[in-house]
Amino acid sequence: MTDLYCNENQLTSLDVSSNTALTELRCNNNQLTSLDVNKNIALENLDCSTNKLTSLDMRNNIKLTSLNCKSNDLTDNLLDIRNGKNDILINFDATLNPKLKCIRTSDSSVPNNSLKN
């Protein structure tokens, strides 16, 4: 399986660790408090918006081109996208995370409008 759409299901947990071929994951509009995508190294698109995530580690996702993590409970320094390939990140939205003031990135190519609340 390369695409998984499980959005709008009120999920409280999701384990995708054994699906290393996953390229697109849409798990938005659930009740997730954590999401581990460290083993999903083929992941290109992730929409985990409108959940209850407090942290998100994308350091192993070197093919990531789109990340929507808006409307969560992300806090300072717990959004980490330092994967060495931020220059291919085309779509990025981390808005509506009131406690998030800083995002760890590999470079300055991340769109600068992605943090506006």
Side-chain angles (χ1 to χ4, degrees):
M1 177 190 324
T2 60
D3 299 346
L4 176 59
Y5 304 123
C6 55
N7 47 317
E8 300 181 20
N9 283 299
Q10 301 301 309
L11 298 175
T12 57
S13 65
L14 179 63
D15 183 356
V16 292
S17 60
S18 62
N19 192 344
T20 57
L22 190 66
T23 59
E24 183 166 359
L25 174 57
R26 293 186 187 188
C27 56
N28 53 301
N29 295 305
N30 281 296
Q31 300 295 314
L32 300 174
T33 56
S34 65
L35 181 63
D36 185 353
V37 292
N38 284 318
K39 293 182 181 175
N40 306 103
I41 58 173
L43 192 63
E44 297 173 8
N45 302 303
L46 173 60
D47 185 349
C48 58
S49 62
T50 316
N51 274 289
K52 296 181 179 185
L53 300 175
T54 56
S55 66
L56 191 58
D57 185 350
M58 306 300 296
R59 288 178 289 174
N60 290 337
N61 307 102
I62 61 172
K63 295 185 178 187
L64 192 68
T65 60
S66 180
L67 173 60
N68 183 354
C69 56
K70 72 179 180 181
S71 298
N72 275 289
D73 294 326
L74 297 172
T75 58
D76 279 354
N77 296 321
L78 294 177
L79 175 53
D80 197 336
I81 57 173
R82 292 178 295 167
N83 61 13
K85 299 285 186 177
N86 292 152
D87 57 327
I88 66 169
L89 189 59
I90 299 167
N91 298 307
F92 177 66
D93 191 347
T95 59
L96 303 175
N97 283 285
K99 297 176 186 174
L100 183 64
K101 306 292 183 217
C102 180
I103 298 171
R104 294 181 180 188
T105 66
S106 300
D107 55 50
S108 60
S109 65
V110 176
N112 59 13
N113 65 346
S114 58
L115 264 178
K116 293 179 183 171
N117 284 324

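Values reported hereafter were calculated over all heavy atoms of this structure, with side chains retained and with hydrogens, waters and symmetry mates removed.
- Formation of a donor-acceptor pair under 3.5 Å by the N97 side chain with backbone atoms of L74 is found in this model.
- Evaluation of the side-chain hydrogen bond (donor to acceptor under 3.5 Å, both in side chains) rule for S55 yields no partner, not counting sequence neighbours.
- Applying the 6.0 Å contact sphere to CD1 of I41 captures no more than 12 heavy atoms from other residues, nucleotides or ligands.
- Note that CG of L78 is 8.5 Å distant from CG of L100, once rounded to the nearest 0.5 Å.
- A donor-acceptor contact closer than 3.5 angstrom is absent between the side chains of T65 and N91.
- Under the 4.5 Å side-chain contact rule for hydrophobic residues, Y5 and L53 do not share a cluster.
- Counting only heavy atoms from C-beta outward, the side chains of L67 and I81 approach each other to under 4.5 Å.
- Among residues two or more places apart in sequence or in another chain, the side chain to side chain contact (heavy atoms under 4.5 Å, CB included) test is passed with T12 by Q31.
- The CD atom of E44 sits 10.0 Å away from the CD1 atom of I90 when rounded to the nearest 0.5 Å.
- Scanning for salt bridge (charged side-chain N to carboxylate O under 4.0 Å, His left out) contacts around E8 gives an empty result, with sequence neighbours left out.
- N61 is linked by a side-chain hydrogen bond (donor to acceptor under 3.5 Å, both in side chains) to nothing, counting only residues two or more places apart in sequence or in another chain.
- Judged purely by atom type and a 3.5 angstrom limit, D73 has no side-chain atom pairing as donor or acceptor with the backbone of T54.
- Contact between L22 and V16 at its shortest, heavy atoms only, is CD2-CB, 4.2 Å.
- Applying the side chain to side chain contact (heavy atoms under 4.5 Å, CB included) test to K85 and every residue at least two apart in sequence or in another chain returns I62, N83, D87, I88.
- Not counting sequence neighbours, N9 has no partner by the side-chain hydrogen bond (donor to acceptor under 3.5 Å, both in side chains) test.
- A heavy-atom distance below 4.5 Å is not found between the side chains of L4 and N19.
- At least one donor-acceptor pair closer than 3.5 Å links the side chain of T23 to the backbone N or O of T2.
- Among all heavy-atom pairs drawn from S66 and N45, the shortest one is CB-OD1, 3.1 Å.
- Take S34 and apply the side-chain hydrogen bond (donor to acceptor under 3.5 Å, both in side chains) test, not counting sequence neighbours, and it matches no residue.
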Criterion side chain to side chain contact (heavy atoms under 4.5 Å, CB included) on S49 and D93, from CA distance to verdict: CA-CA 9 Å; S49 62; D93 191 347; over 6 Å; no
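- Proximity of a side-chain donor or acceptor of N28 to a complementary backbone N or O of N7 within less than 3.5 Å is not detected.
- A heavy-atom distance below 4.5 Å is found between the side chains of L35 and L46.
- Side-chain contact between L32 and C27 is present, with at least one heavy-atom pair separated by less than 4.5 Å.
- Applying the salt bridge (Lys or Arg N to Asp or Glu O under 4.0 Å) rule to pairs touching residues 45-67 yields D57-R59, R59-D80, sequence neighbours excluded.
- Taking all atoms of both residues into account, the shortest heavy-atom contact from N72 to C48 is ND2-O, 3.1 Å.
- For C6 against L14, the heavy-atom pair with the smallest separation is SG-CD2, 3.9 Å.
- For residues 13-42, the salt bridge (Lys or Arg N to Asp or Glu O under 4.0 Å) pairs, not counting sequence neighbours, are E24-R26.
- With rounding to the nearest 0.5 Å, the separation of NZ in K101 from CG in L79 is 13.5 Å.
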